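Note sheet for the following structure.
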Amino acid sequence: MTEHDSRRGDPDRAPALPPVAKRAAFQAELDKLRVREKAHTREGDAIAAARRRLPMVEVAADLELTGPDGPVTLLDAFEGRRQLIAYYFMWHDGHDAAGQCEGCTWVTTQVQELSYLHSRDITYAVFCQGPYEESRRYRDFMDWEVPWYSALPSHDELLVGRHVGMMHLVCYLRDGDRVYETYWTTLRGVEATDYSYALMDLTVYGRQELWEDSPPGWLRGQGTPADHVGLRSNGRPIPQWSRIEAGRSDDLTPRP
């Protein structure tokens with residue numbers, strides 16, 4: 001635990017605790033909850049099945065992106081695979097690293113091992129909604145290895161009908177040289193990328209955010225405006241602190 005951890009234990013603060021029960025009573029309550037959990041899982045499977053039956057819309061395969069070697073096309077971003085998942089990273093022009101989007105930093109930090117996606121013929125990439133050189137320096141500061149492009153040349157066409165500048169997760173399908181959009185989501189829909197919140201949801205205090213339905217006296221505090229939905233600590237997106245403490249430069253100024 002570092003000095004910048006967002007939820008430090010307070011020895012002078014005793015949070016409320018669940019009631020104590022014997023093992024049999026505990027298991028009986030858990031068994032009742034398990035019925036609801038299984039129903040939730042089955043409903044998730046049914047929603048995924050409906051998602052697979054959605055129609056699709058064609059997107060121009062030659063829409064321009066900017067990559068490490070200059071202009072590329074949307075088709076190029078598939079890297080030869082049949083499917084592409086693109087995360088549209090919000091970008092705050094003129095802001096330093098500490099001022100960049102804490103939500104998009106959270107999302108991108110979660111997605112690390114891509115081999116399982118590749119085994120299903122899926123490429124995952126970030127389409128940043130900011131300039132390539134500046135945003136690439138943020139990627140390097142964060143030590144992310146996910147493929148990274150700037151969507152600026154075409155983001156109005158890529159996100160037609162949606163709020164350009166917001167986070168989006170968009171799925172594409174390639175049929176030869178033609179590209180189709182098959183699904184998109186935003187806001188809490190991008191939690192599909194996450195495991196941290198999923199694990200927090202299993203714990204007794206949950207996410208510790210103000211909107212949650214928790215008993216009186218439960219640990220709270222995350223989700224205040226100052227903490228930006230619990231994803232910031234001391235003025236920065238939480239995972240930046242480990243990079244700062246490792247001596248990484250967060251200067252995003254493009255070099256000549």
Side-chain angles (χ1 to χ4, degrees), residues 6-7 15-57 81-88 102-124 146 161-163 166-173 180-224 227-231 238-239:
S6 64
R7 294 295 299 180
L17 301 173
V20 177
K22 298 293 187 182
R23 170 63 65 175
F26 164 74
Q27 190 61 48
E29 291 297 317
L30 184 57
D31 288 344
K32 288 195 294 185
L33 182 63
R34 193 76 77 215
V35 173
R36 296 176 63 188
E37 288 180 334
K38 289 181 178 180
H40 178 72
T41 299
R42 287 192 292 270
E43 180 62 14
D45 291 342
I47 291 171
R51 190 181 293 119
R52 291 192 293 271
R53 288 164 172 80
L54 288 172
M56 60 186 184
V57 59
R81 299 186 182 91
R82 187 178 301 275
Q83 298 182 84
L84 168 67
I85 301 173
Y87 179 76
Y88 284 80
E102 61 280 345
C104 293
T105 300
W106 150 65
V107 166
T108 308
T109 301
Q110 306 296 320
V111 183
Q112 299 181 54
E113 179 58 62
L114 299 178
S115 62
Y116 295 106
L117 293 175
H118 294 171
S119 75
R120 302 302 195 272
D121 212 13
I122 301 167
T123 292
Y124 185 95
V146 61
R162 284 155 284 195
H163 183 177
M166 282 290 294
M167 58 174 66
H168 293 90
L169 197 62
V170 184
C171 297
Y172 299 97
L173 175 67
Y180 302 88
E181 183 179 325
T182 62
Y183 177 75
W184 71 274
T185 188
T186 187
L187 298 175
R188 288 195 64 187
V190 305
E191 288 183 16
T193 66
D194 173 75
Y195 65 90
S196 295
Y197 274 166
L199 292 174
M200 291 178 198
D201 286 342
L202 301 180
T203 69
V204 68
Y205 294 123
R207 304 182 188 192
Q208 302 170 36
E209 294 181 355
L210 298 181
W211 62 267
E212 288 178 289
D213 179 6
S214 296
W218 249 229
L219 284 173
R220 299 282 187 156
Q222 299 297 340
T224 63
D227 281 330
H228 293 270
V229 200
L231 300 176
I238 290 169

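Being a predicted model, the structure only gives us computed values, none of them experimental.
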Which donor-acceptor pairs under 3.5 Å do side chains of residues 32-42 form with protein atoms, sequence neighbours excluded?
from: Lys32; atom 1: NZ; to: Glu29; atom 2: OE2; distance (Å): 3.3
from: Arg34; atom 1: NH1; to: Glu37; atom 2: OE1; distance (Å): 2.7
from: Thr41; atom 1: OG1; to: Glu37; atom 2: O; distance (Å): 3.1

Check your understanding: In chain order, what residues pass the salt bridge (Lys or Arg N to Asp or Glu O under 4.0 Å) check against Asp194, with sequence neighbours excluded?
Key -> none

Point-to-point distance, once rounded to the nearest 0.5 Å, from [atom1] of [X] to [atom2] of [Y]:
X: Glu191; Y: Asp201; atom1: CD; atom2: CG; value: 7.5 Å
X: Tyr195; Y: Thr109; atom1: OH; atom2: OG1; value: 8.5 Å
X: Ile122; Y: Ile85; atom1: CD1; atom2: CD1; value: 5.0 Å

Close side-chain approach of [X] and [Y], heavy atoms under 4.5 Å:
X: Trp218; Y: Val204; value: yes
X: Thr108; Y: Val146; value: yes
X: Thr182; Y: Leu54; value: no
X: Leu187; Y: Met166; value: yes
X: Val111; Y: Tyr87; value: no

Check your understanding: So, does Thr185 use its side chain to make a donor-acceptor pair with the main chain of Val190 at under 3.5 Å?
Key -> no

Check your understanding: Is there a donor-acceptor contact under 3.5 Å from the side chain of Glu212 to the main chain of Arg207?
Key -> yes

Exercise for review: Would you mind checking if Arg188 and Glu209 are paired as a salt bridge, meaning a charged N to carboxylate O distance below 4.0 Å?
Suggested key: no

Exercise for review: Compare every heavy atom of Arg82 with every heavy atom of Asp121, then report the nearest pair and how far apart it is.
Suggested key: OD2-CB, 3.0 Å

Check your understanding: Trp106 vs Tyr197 aromatic rings, parallel, tilted or perpendicular, using cut-offs 30° and 60°?
Key -> tilted

